[in-house]
Amino acid sequence: IEYFLFQELPNVFPSGLKTLWNSHTLIETQKLQNLLEEVTQLRAEISSLKEFTQMALESCVKTDWALKSSGATIDTQRTSQTYDCKDSCLCRILRFFWTASPPDTILQPNVFPGNCWAFKGHQGQVVIRLPARVYLTAITVQHITKEASPSGTVISAPKDIAVFGVDADREEETLLGMFTYNVEKDPMKTFPLKNMLLPRAFSHVKLLVKSNWGNPWYTCIYRVKVHGKMENQKGSTKGPDK
């Protein structure tokens, strides 16, 4: 059928119709060529954007603004309550003496089994007060590996996470990213944030955990790192919000 339409059909037309047919074919061919050029250009732009994002991420990822030793603290008023295993019947039955770690455990670099902050259930949040106003570019979540876990599982690790930049003065939150943290695939994973493309400095970061990997009693967060560039002196003359 295609052969008849493009090869035989024009031969049975009068010369005028042949000219019209050829003009139509030329127009359609030109349209197709233009479309292919637009697709090629779009692919190039996407590739350039990926390269820019990766370069920006690599340039900022070394700085961790969520270190307790650098002045980062936990906004306890906006943070979920710490889970106390002593309230669990399972812990009493197993005679497992649990010392609950405070939320600022996630701001310290010592990552080893048991040294984590836990909150009850599979949904919770923590708000980190940064030592300065920062243009946020990425966030890193870290957990112990299955091999290092005494239970041989990592089901208490967070799974679905949302990250917000928080303006404490105006009580405003800006969603910067939503992602799934696959702890078995990569125990320490860095996720780029939307703020890289539309920069705005924040003094607080909110980590909202929507689910974990199956633990019905609690969720553990071992380490959170916040990456970005500090707002320049001129832009921060008013000082960080409280």
Chi angles and distances behind the side-chain contact (heavy atoms from CB on, under 4.5 Å) call for Tyr222, Ile106: CA-CA 5 Å; Tyr222 273 84; Ile106 70 173; over 6 Å; no

Mind running side-chain contact (heavy atoms from CB on, under 4.5 Å) on Lys225 and Gln142 for me, showing each step along the way? CA-CA 8 Å; Lys225 300 179 183 180; Gln142 184 177 1; 4.3 Å; yes

Report the C-alpha distance between Ser203 and Leu130 in whole Å, list the side-chain angles of each, state the deciding distance to 0.1 Å, and finish with yes or no for side-chain contact (heavy atoms from CB on, under 4.5 Å). CA-CA 5 Å; Ser203 62; Leu130 305 176; 5.5 Å; no

Run the numbers on His122 and Lys159 for side-chain contact (heavy atoms from CB on, under 4.5 Å), then give the verdict. CA-CA 9 Å; His122 63 276; Lys159 182 180 179 182; over 6 Å; no

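With hydrogens and angles left out, the side-chain atoms of Thr219 and Asn212 include a donor and acceptor closer than 3.5 Å. Looking only at atom types and distance, the side chain of Thr140 has a donor-acceptor partner in the side chain of His227 under 3.5 Å away.
Among all heavy-atom pairs drawn from Val209 and Pro158, the shortest one is CG1-CB, 3.8 Å. Across all their heavy atoms, Thr190 and Ala138 have their closest contact at CG2-CB, 3.8 Å. Of all the heavy atoms in Gly71 and Pro131, the pair that sits closest is C-CB, 3.9 Å. Heavy-atom minimum distance, Thr105 versus Ser101: OG1-CB, 3.4 Å.
Counting only distance, with no hydrogens or angles, the side chain of Ser80 and the backbone of Phe119 share no donor-acceptor pair below 3.5 Å. Trp117 places no side-chain N or O within 3.5 Å of a backbone atom of Cys220 that could act as its donor or acceptor partner. Checked by atom type and distance alone, the side chain of Gln125 never pairs as donor or acceptor with a backbone atom of Thr79 at under 3.5 Å.
Looking only at side-chain heavy atoms (C-beta outward), Ser156 and His143 come within less than 4.5 Å of each other. At a threshold of 4.5 Å between non-hydrogen side-chain atoms, the residues Ile161 and Leu208 do not count as touching. Residues His204 and Asp75 have side chains in contact (heavy-atom distance under 4.5 Å, counting atoms from C-beta outward). Using a 4.5 Å heavy-atom cutoff, the side chains of Thr145 and Val154 are not in contact. The closest side-chain heavy-atom distance from Thr137 to Pro192 is not below 4.5 Å. Between Ile128 and Val224, some side-chain heavy-atom pair lies under the 4.5 Å cut-off. In this structure the side chain of Phe202 never reaches within 4.5 angstrom of the side chain of Arg133, judged on heavy atoms. Considering only heavy atoms from C-beta on, Leu35 comes within 4.5 Å of Glu38 through its side chain.
Phe191 and Tyr181 have perpendicular rings, their planes meeting at more than 60° on a 0 to 90° scale where under 30° would count as parallel. Tyr218 and Tyr83 have parallel rings, their planes meeting at less than 30° on a 0 to 90° scale where 60° marks the start of perpendicular.
At a threshold of 4.5 Å between side-chain heavy atoms, the hydrophobic network of Ile, Leu, Val, Met, Phe, Trp and Tyr places Phe179 and Val183 in one connected group. By the criterion of side-chain heavy atoms lying less than 4.5 angstrom apart, applied directly or through intervening Ile, Leu, Val, Met, Phe, Trp or Tyr residues, Val127 is not grouped with Leu136; the two fall into different hydrophobic clusters. Hydrophobic clustering places Met230 together with Leu176 (ILVMFWY residues linked when any side-chain heavy atoms are closer than 4.5 Å, directly or through intermediates).
Results of the side chain to side chain contact (heavy atoms under 4.5 Å, CB included) test with Val163 over Leu175, Val141, Val205 single out Val205 as the only residue that passes. Here the rule is side chain to side chain donor-acceptor pair (under 3.5 Å) with Thr174, and of Arg200, Lys194, Lys206 only Arg200 fits it.
Within a 6.0 Å sphere centred on CD of Glu37, heavy atoms belonging to other residues, nucleotides or ligands number more than 12.
We find the CZ-CG distance between Arg129 and Leu107 to be 11.0 Å, quoted to the nearest 0.5 Å. Note that NZ of Lys68 and CD of Gln108 are 4.5 Å apart. Values are rounded to the nearest 0.5 Å. Once rounded to the nearest 0.5 Å, the distance linking OG1 of Thr153 with CG of Asn215 reads 7.5 Å. With rounding to the nearest 0.5 angstrom, the CG atom of Asp160 is 4.0 Å from the OG1 atom of Thr180.
For the pair Asp64 and Arg223, the salt-bridge criterion is met [side-chain N within less than 4.0 Å of a carboxylate O].
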